[in-house]
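Proteins come first, then strands; the chains are lettered A, B, ... in the order of their sequence lines, and each starts at number 1.
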Amino acid sequence: MSEFDDLYQAIILDHYRKPRNRGTVPDASVRVDGKNPLCGDEVHLELRLDENGRIEDIKSSGHGCSISQASISIMTELVKGRTFDEGKQVCESVRTMMRGGEVDEEAMGELIALKGVSKFPVRIKCAMLSWTTFELAMAEFKAGRDGAGAMVSTEDEK
Amino acid sequence: MSEFDDLYQAIILDHYRKPRNRGTVPDASVRVDGKNPLCGDEVHLELRLDENGRIEDIKSSGHGCSISQASISIMTELVKGRTFDEGKQVCESVRTMMRGGEVDEEAMGELIALKGVSKFPVRIKCAMLSWTTFELAMAEFKAGRDGAGAMVSTEDEK
Amino acid sequence: MSYEVEKLRQDFPLLRQTMRGKPLVYLDSAATSQKPRPVLDTLQAYYERWNANVHRGIYEISDLATQHYEAARATVARFIHAAEPAEIVFTRNATEAINLVARAWGDANVKAGDVILLTEMEHHSNLVPWQLLAQRTGARLEFIPLDGQGRLDLAAAEKFFNDRLKLVAVTQMSNVLGTINPVASIIRHAHAVSALVLVDGAQGCAHIATDVQRMDCDFLAFSGHKMCGPTGIGVLYGRKWLLEAMPPFLGGGEMISVVDWRESTWNHTPWKFEAGTPAIAQAIGLGAAVEYLEKIGLDAIHAHEDALVRYAWEQLHDLPGFHPYGPPPDERGGLVAFTLDDLHAHDIAQFLDQQGVAIRAGHHCAMPLHKKLGVAATARASFYLYNTTAEVDALVAALRKALKFFGIETKTVVTV
Amino acid sequence: MSYEVEKLRQDFPLLRQTMRGKPLVYLDSAATSQKPRPVLDTLQAYYERWNANVHRGIYEISDLATQHYEAARATVARFIHAAEPAEIVFTRNATEAINLVARAWGDANVKAGDVILLTEMEHHSNLVPWQLLAQRTGARLEFIPLDGQGRLDLAAAEKFFNDRLKLVAVTQMSNVLGTINPVASIIRHAHAVSALVLVDGAQGCAHIATDVQRMDCDFLAFSGHKMCGPTGIGVLYGRKWLLEAMPPFLGGGEMISVVDWRESTWNHTPWKFEAGTPAIAQAIGLGAAVEYLEKIGLDAIHAHEDALVRYAWEQLHDLPGFHPYGPPPDERGGLVAFTLDDLHAHDIAQFLDQQGVAIRAGHHCAMPLHKKLGVAATARASFYLYNTTAEVDALVAALRKALKFFGIETKTVVTV
Ligand SMILES: Cc1ncc(COP(=O)(O)O)c(C=O)c1O
Ligand SMILES: Cc1ncc(COP(=O)(O)O)c(C=O)c1O
Ligand code: FES
Ligand code: FES
């Protein structure tokens, strides 16, 4: 399979064409924005947490390329029902994968479809957009804020 | 003869080794300075004019390379006894010669030894240092000044 | 003489490369152009035969380096019809040339309340330097708006042409819309209120015969790398008296006349603006690039590109969901920025890369313009003297495949 | 491994040239160095295989260009032992690097009454930018004086190290005196009063193994063309936090994060300081030059030059009227500036040119220093990794002939 086919795996294209969890969460606990200034794309995340800090609902809106849209779609499916800290672990695995590091493929689920992105340096930020925004939501929530006015940029990814 | 031999003709070397008219003119009508900022060399000219505007005496001091020193030495010999306007004509011929133009070789006397300089762009200002300073003396004198504080730079040569 | 594009292509070694195993179709010359053999040979000759520092060396190779360097300046002066070589300052690129004016001319001449007039289609390089100047001085930035076709709406900008106006900075040709601007008429307007005009020729000069005296601009900035020259070399043209009146920009060797401990006097223009060892090889390489372009002829190049863009315009319009930005071919140079249905520009470019077709995707260093156009990113194909209609066909075919691949047309995956 | 200079010379095409029909003896590397084959091959490879604009391209050759460009940055970072590549900003030359600091750091941090401390041996490029800064801000310039041997008299400068001191800008090695300065100790002194230190490495880095972390400097500026690299590329090293805290210098493409109509935010260091299309080929070429130098080893190069300058020192002292400037070989790098009786430096250089020997004559962009030395111009021979003792012999023989020719020794003309 070529690097290109690795990048655009069927799972990615599927999530891109039929994005999951689009929309808003009316009674959201935290709402945040993330952007990729390299291309101008943006994502808006809304999350509702239950009393145990578990993500009850998560929805996204915004625009972006197929990689970013698929990454967001898979992420929303994956973190729903988990805590922020569990989500953060997944996030770190994605980051490791983007840098070409080894990860536990089993644990990654559909996210493993993003592995091919690591071969395309300019697209890594596309894949990370969802996750850096997720991290912002976590930081805001833990600080007791609702995310109003909070915005993160993929340029702050090292 | 090589371009180099053209540059350093025997006449040049002779004037360099035995410069004519060095020193000061005690009762000078005009005293001026010229400099070549490319190398930091400087010449100081003192001239005494008679009532008819003829150059009765001219002396030089300062330091510089063989080309500039020879040029000054030849110049002082050549303009002595002439008017500023006559000197200015010679000056224009030297300038023409430096730009590779044709000049009346007969009329130039020993100055023709400077012809080879035109092949060495960085040295042209050496040859012109004396003459631009002479022109300054002329301008000062004609403006009724004695040259005090006047200074010209070869960089103002186009 | 007919235009023999296949013969010209032989001059460009990079065009014989493959990309992702496919023949390379290079459609990103608006970002940077490829370099012909005579330019590469000149660089080689410089380093192998004339390499020495310029201006102050007494020995032969230094003299040769100086002569070639100053000859390149004269060649560039001739290329844009400057009155004399002294009006040509070598910089790193168009961006530095514009910054030079914003700093050296701007800091000395612009005061709080003065107006710098830009356009809504400017590249960041002809926008951010003026933002910084405005912040330093308190001057105000205004913008000539665009009409619905991506042309300057000069009537709507009439109100800015008054005695507050100090400078108009306008691009000769937009790197996104392709629009070729009526700079000469803007210049007449500006001069009528005693404002100066800087023309950003980064896109223009490489493609359109440019005559600064006829155009009557005060400053012109452009880049060598976009016109068959090396990277690392750009040009600022300025009227001689303006340059002479400006304070220096960078201080250092070569730009001085006399240096003392605490103050100095300056060399003449253009050397006053060339502090330190210049980009000698690159300036000489740019001279060779100019000679290469002149041999083909700017008018022939422009005609060739015009034919290409018309052909592309037609072919591209057959694609479902094709949406171009900017005016029709009559008023544009050799590039087309577009969106394709709701395919993302970066996905398009990535897919095309796989097909061997190099185009650019993004905001093309014109974020405010894209905001105005209501789109985060566009895809852009740009043409130069070496591109062919067959390459346009390859572009269109690749775009068709992209539509299929991402499932816009058929929602099924095709293999590539 | 022994140092095989004849083998190294094979790498430099220009050294096989003749000058005025004689074998070229190139003794002006302090002005600019010659370029080895691997550097020329890299430039060629760039233009023929990877030429594309960097950073924002999605296609393969743009990606290759970006990777090579950023790899060159990492190579340069390693060369001077920077903590990370982000501390390396590419500029045109050392001069621009120093001006960048004077403008971006200086304008933001220096106030009236502050002191900038220089030395009496600085090159115009490390003097004029500070004069301009002093004029803009009202800061005062002070100078570390020289002792009778052309070394810094640090004791006499003690008084400047107080809380008025904002920055010390000092050359690593003098391009006239050859003096290698005790920069690490100056830096400790300066840091003790919270002043920053900029080291002008234009002469140093090419010849002396340089470790910015051990030296502990805040800024370091140097030029590619003096260290086997192409013209048109230089380096500013700065501590990461300092660079991040500094406002930008030039505005334009690549250096921004988000641009709006009237304001913008900046990209991270180092890109914040690289506005517009960079000197891509030249940066990559500099990377190749660094690798070339590293392969030979900076210590081996330094040892070779040290042997050469000791040999030259001895031979030259046999000449009647020979007068060198600066300290003895123990404390100097590989160059000697001198006068010869009252032969003018320009006549010496002109005569040597005729003999195929390239040396420099003049004030070497250090007019105040020459004023201090009491001489308008000196002649300078400078050595690099490719020079030989045979070339020193050729220099000395040519100087002997010059003395004869100008009649200093015999007052008779000899033919040449
Ligand atoms: C000590 C020193 N500093 C600065 C410079 C300036 O270097 P560049 O002209 O490459 O900017 C030089 C070069 O001559 C130098 O010798
Ligand atoms: C219209 C326009 N202006 C300015 C520039 C900046 O050119 P450079 O990056 O060569 O400085 C560009 C290049 O993309 C451009 O298209
Ligand atoms: S291109 Fe914008 S997120 Fe991928
Ligand atoms: S070198 Fe100074 S006048 Fe000739």
- side-chain hydrogen bond (donor to acceptor under 3.5 Å, both in side chains) against C:Ser382, all qualifying residues, sequence neighbours excluded: none
- Listed partners of C:Asn53 passing side-chain hydrogen bond (donor to acceptor under 3.5 Å, both in side chains), at least two apart: C:Thr277
Under a 4.5 Å cutoff for heavy-atom pairs, which residue among [options] has the most contacts with chain D?
options: C:Ser264, C:Gly362, C:Pro248, C:Cys365; answer: C:Ser264
options: C:Glu96, C:Arg140, C:Lys372, C:His123; answer: C:Glu96
options: C:Leu100, C:Val259, C:Leu352; answer: C:Val259
options: C:Thr91, C:Leu369, C:Ile256; answer: C:Ile256
options: C:Glu254, C:His364, C:His225; answer: C:His225

What part of [X] lies closer than 4.5 angstrom to a heavy atom of chain D: side chain, backbone, both or neither?
X: C:His346; result: both
X: C:Ala349; result: both
X: C:Val39; result: neither
X: C:Gln350; result: both
X: C:Leu132; result: side chain
X: C:Phe12; result: neither
X: C:Leu127; result: side chain
X: C:Trp50; result: backbone
X: C:Arg16; result: neither
X: C:Leu250; result: both
X: C:Pro247; result: neither
X: C:Leu133; result: neither
X: C:Glu120; result: both
X: C:Leu43; result: side chain

- Message: As a test of understanding, state which of C:Glu274, C:Arg92, C:Gln282 forms a side chain to side chain contact (heavy atoms under 4.5 Å, CB included) with D:Arg92.
- Response: C:Arg92
Out of [options], which one racks up the most heavy-atom pairs below 4.5 Å with chain C?
options: D:Ala281, D:Ala358, D:Ser33; result: D:Ala358
options: D:Ser223, D:Pro230, D:Ser29; result: D:Pro230
options: D:Leu141, D:Thr32, D:Asn51; result: D:Asn51
options: D:Leu24, D:Thr95, D:Asn99, D:Val128; result: D:Asn99

- What orientation do C:Tyr59 and D:Tyr26 show, parallel under 30°, tilted 30 to 60°, or perpendicular over 60°? perpendicular
Residue pair [X] / [Y]: nearest heavy atoms and the distance that separates them:
X: D:Pro129; Y: C:Gly251; result: CG-O, 3.4 Å
X: D:Tyr47; Y: C:Thr231; result: OH-N, 3.3 Å
X: C:His124; Y: D:Gly253; result: CB-N, 4.0 Å
X: D:Arg262; Y: C:Gln135; result: O-NE2, 4.2 Å

- Is the backbone N or O of C:Arg20 less than 3.5 Å from a side-chain atom of D:Glu60, with the two atoms forming a donor-acceptor pair by type? yes
- Query: Any donor-acceptor pair under 3.5 Å linking the side chain of C:Asp260 with the backbone of D:Met367?
  - Reply: no
- Item | C:Glu263 CD: over 12 foreign heavy atoms closer than 6.0 Å | no
- Query: Is there side-chain contact between D:Gln44 and C:Pro13, with heavy atoms separated by less than 4.5 Å?
  - Reply: no
- Task: Answer yes or no: is there a side-chain heavy-atom contact under 4.5 Å between C:Gln131 and D:Trp261?
- Result: no
- Query: Do D:Ile61 and C:Leu14 pass the side-chain contact (heavy atoms from CB on, under 4.5 Å) test, and can you show the C-alpha distance, the side-chain angles, and the key distance before you say yes or no?
  - Reply: CA-CA 10 Å; D:Ile61 49 174; C:Leu14 193 135; 3.8 Å; yes
- Determine, stepwise, if the pair D:Phe249 / C:Arg103 fulfils side-chain contact (heavy atoms from CB on, under 4.5 Å). CA-CA 10 Å; D:Phe249 173 44; C:Arg103 287 269 190 182; 4.0 Å; yes
- Task: Starting at OG of D:Ser125, measure out to CE of C:Met255 and round the result to the nearest 0.5 Å.
- Result: 9.5 Å
- Okay, D:Asn126 and chain C: the region with an atom under 4.5 Å from a heavy atom over there is neither
- Query: Side chain, backbone, both or neither: which part of D:Ala134 has an atom under 4.5 Å from a heavy atom of chain C?
  - Reply: neither
